[in-house]
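Only one structure is covered here, and it is reproduced in the block below.
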Amino acid sequence: MKYIALLDCNNFFVSCERLFRPDLLGKPVVVLSSNDGCVVARSKEIKDRGIGMGVPYFQIKDTLNEIGATVFSSHFALYRDVSRRVFEVVRTCQSEIEQYSIDECFFTFESYDPHTLVAAIKQQVEQEVGIPVSIGVASSKTQAKYVNTVAKKTTGIAIWGEEEWERAAADIRLSEIWGVGRGRARQFDEKGIRTVADLLKCSRSRIDALFGIEGVRLQAELRGEPVLGIKASRPLQKSLMSTRSFAKETSDYDVLLNAIKYHLYQVVKDLESMDAKTNVIRVMITPSRYGDYAFYGASKEALLTAPTRDLFTLQQAAVGLLKQCFNPEVPYKKAGVVLSGISSTEAETGSLFDNFESADNNGKNSLSATIFSINKKHGKPLVQLGSVSGTNKKWESRKDAVSPSYTTSWSDLKVVRT
DNA sequence: TCTGGGGTCCTAGGACCC
DNA sequence: TCTGGGGTCCTAGGACCC
């Protein structure tokens, strides 16, 4: 039999924090989003108390205090590093694997004894990395996603064939299915289609007429006919972004300018490490989603004449876009930069004007590249363009309870005494 | 006072062209 | 001065995901 599995780390960010704080095993732990805004990961003890995902921190601060929960700010460098270790182990067991997110991967396999096979993978990850995982096995990605949630509620492993689906289909609401969000759930609901069984009962042509190709795909996947393949080698990322909320709202152009320059630096640094270039840059500044100015956000895009990763060229474009977006009346809460049209350096076609600009461009590119290599060497941004200074960081976010960089910084290494 | 960030894919609607 | 439909491209924004 051919199977598709989804391996998912259990409350991943919490598990990462516990790796270095084993005293917190079995105790209530939460991890907050950046800016310490809302809850993004909860230990079982927290879930059992009915504290939801994405709840604003300020609303539950008191409750968390009362129950003695440990609270962490998010620490992505640590989570990325642990993630890398998890998938390294899975890769040694399975060849066809698609890393889907920081804590999940799909893989396919053929076996007459799927349980033994996935149990071995689960055990190996837990022993070698120390992160608990759950594995759901079925016939398509969409099925495997759901079966994984079943696994989480039971032993950490669930394997469903046709019989299990037939038995459960009438009790699974479509809103619980991967790819069906609020909007689509409502569309289905309006036609009286509420459960997986309801959807499977419809004829393909009716689904096609009502919901188009997306609906047909969903139906096939839930029937166990895989239409979404495993993407073992991921193509080049299509876009890169850096955005962040401010601790306090601002209408000060210079503060926004500083934030935009900071975010640009972050995304260009990523471009540099991918050895890629961009030809589309977007700048966005937005007010709070919850206030009176919710609809006063602005975002502007510019197409560049040729792919580049030169900080000077991109900064010039970014500043121009910011000026178009900026309205001094609006209290901004967030700023960000998005690069798209990403291409690898090898696949470069070059601009018609390259010959005229090349001397200039080379000079700029190498200066831009030099800035990144110096900063990389020192592990912090010593050299910056313009006024991205340490003193004018009013736009920075809050991070009150971040854990030490146990795995990515020498100075934060744990000391073991014997 | 306080309510995340990083992605992909799809589409509405205007500009422009024939 | 009035007469049109059809196509593409682009931007901005939304749905959905983790």
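Just so we're on the same page: letters track the sequence lines, and every chain starts at 1.
A side-chain donor-acceptor contact under 3.5 Å links A:D36 and A:S73. There is a side-chain donor-acceptor pair under 3.5 Å between A:E104 and A:S101. Judged by distance alone, the side chains of A:N11 and A:S43 never bring a donor and an acceptor atom under 3.5 Å apart. A donor-acceptor contact under 3.5 angstrom links the side chains of A:S205 and A:S203, judged on distance only.
Counting only residues at least two apart or on different chains, no salt bridge (charged side-chain N to carboxylate O under 4.0 Å, His left out) pair has a member in residues 52-71 of chain A. Applying the salt bridge (charged side-chain N to carboxylate O under 4.0 Å, His left out) test to residues at least two apart or on different chains, none of the pairs has a partner in residues 229-242 of chain A. Within the structure, the ring pair (Phe, Tyr, Trp, His ring centres under 6.0 Å) test picks out the following pairs touching residues 181-235 of chain A (sequence neighbours left out): A:F188-A:F211. Within the structure, every pair that satisfies the ring pair (Phe, Tyr, Trp, His ring centres under 6.0 Å) test and touches residues 266-294 of chain A, not counting sequence neighbours, is listed here: A:Y293-A:Y296.
Both tests hold for A:K141 against A:F106: distance to the six-membered ring centre under 6.0 Å, angle to the ring axis within 45°.
One atom, CG of A:L218, and another, P of B:dC9, lie 18 Å apart when rounded to the nearest Å. What separates CZ of A:F13 from P of B:dG6 is a distance of 12 Å, to the nearest Å. A:I213 places its CD1 atom 16 Å from the C1' atom of B:dT11, with the value rounded to the nearest Å. Rounded to an integer number of Å, the gap from A:H263 NE2 to B:dG5 C1' is 10 Å. To the nearest angstrom, P of B:dG5 lies 15 Å from CD1 of A:I285. Rounded to whole angstrom, the span from the CG atom of A:L271 across to the C1' atom of B:dG6 amounts to 15 Å. One atom, CD of A:Q187, and another, P of B:dT11, lie 11 Å apart when rounded to the nearest Å. Rounded to an integer number of Å, the gap from A:K300 NZ to C:dC10 P is 16 Å.
Contact check of residues 231-240 of chain A against DNA chain B (heavy atom, cut-off under 4.0 Å) returns A:Q237, A:K238, A:S239, A:L240. Within residues 72-98 of chain A, no residue has any heavy atom closer than 4.0 Å to DNA chain B.
In terms of position on DNA chain B, the residue among A:T243 and A:R217 whose nearest nucleotide sits closer to the 5' end is A:T243.
Residues passing the side chain to side chain donor-acceptor pair (under 3.5 Å) test with A:S74: none are found, sequence neighbours excluded. For A:R80, the salt bridge (charged side-chain N to carboxylate O under 4.0 Å, His left out) criterion is met by no residue, not counting sequence neighbours. Among residues two or more places apart in sequence or in another chain, the salt bridge (charged side-chain N to carboxylate O under 4.0 Å, His left out) test is passed with A:K191 by none.
A gap of 24 Å separates the P atoms of C:dC17 and B:dT3, to the nearest Å.
Picking from B:dG4, C:dT11, B:dG5 the nucleotide with the shortest atom distance to the side chain of A:R244 gives B:dG5.
Taking a pair as Watson-Crick or G-U with both hydrogen-bonding distances under 3.5 Å, the stems of three or more pairs touching DNA chain C are B:5-18 with C:5-18.
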Given protein heavy atoms under 4.0 Å, the one-letter contact record of nucleotides 13-18 of chain C, with B base, S sugar-phosphate only and - none, is simply ---SSS

Can you pull every protein N or O that's under 3.5 Å from an N or O on nucleotides 1-3 of chain B?
from  : atom 1 : to     : atom 2 : distance (Å)
B:dT3 : OP1    : A:K333 : NZ     : 2.6

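Nucleic acid contact for A:L303: sugar-phosphate only, since backbone atoms but no base atoms lie under 4.0 Å from a heavy atom of the residue.
When ring centroids are compared, A:Y265 and A:Y262 stay outside the 6.0 Å threshold.
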Assess whether ring-ring contact (aromatic ring centres under 6.0 Å, His included) is satisfied between A:F13 and A:F76, documenting all intermediate values. CA-CA 9 Å; A:F13 298 168; A:F76 277 96; 5.5 Å; yes

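Ion pair A:E45/A:R18 flagged as a salt bridge, since at least one NZ, NE, NH1 or NH2 atom sits closer than 4.0 Å to an Asp/Glu carboxylate oxygen. Ion pairing between A:E214 and A:R217 holds under the 4.0 Å rule for side-chain N and carboxylate O.
When all heavy atoms of A:S242 and A:Q266 are compared, the closest pair comes out as OG-CB, 3.7 Å.
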